[in-house]
Amino acid sequence: ADGRAGAGQRPLRRAGKPAEVAAAWYANRHGLRRSRVRPLQQDRLSARRVRVLVLADAGNGHLRTALVEVRLGPSGWEVR
């Protein structure tokens, strides 16, 4: 996953921290419980953009990682 919402998907917006928003977005996008997705690391790309590395436990011993880019918009942090 490249961290971008596909066509027809609304961006997930939250007022929380970028890592929390990225993990919640990834869990929602892949049909996982939020408790199975953990943010591991984040890189600040600019004052309004953060890239978050998330680790997801997909079950049956399958672990997935993804980079999710989060942007600061007027209503808080969001994934576009």
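The basis for the numbers below is simple: all heavy atoms, side chains too, and nothing from hydrogens, waters or symmetry mates.
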What residues form a side chain to side chain donor-acceptor pair (under 3.5 Å) with Arg49, not counting sequence neighbours? Glu69
Using residues 56-63 as the side-chain source, report each donor-acceptor pair under 3.5 Å to any protein atom, sequence neighbours left out, with the distance given to one decimal.
unit_1	atom_1	unit_2	atom_2	d
Asp57	OD1	Arg36	NH1	3.4
Asp57	OD1	Gly59	N	2.9
Asp57	OD2	Arg36	NH1	3.3

Looking only at heavy atoms, which two atoms of [X] and [Y] are closest? And how far apart?
X: Gly16; Y: Trp77; answer: O-CD1, 3.0 Å
X: Trp25; Y: Val68; answer: CE3-CG1, 3.8 Å
X: Ala22; Y: Val70; answer: CB-CG2, 3.8 Å

Are Lys17 and Gln42 side-chain neighbours, meaning at least one heavy-atom pair lies under 4.5 Å? no
Do Val52 and Tyr26 have side chains that approach each other closer than 4.5 Å (heavy atoms only, starting at C-beta)?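 Not touching, per the 4.5 Å side-chain cut-off.
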State plainly whether one hydrophobic cluster holds both Leu45 and Leu72, where clusters connect Ile, Leu, Val, Met, Phe, Trp and Tyr through side-chain heavy atoms under 4.5 angstrom apart. no
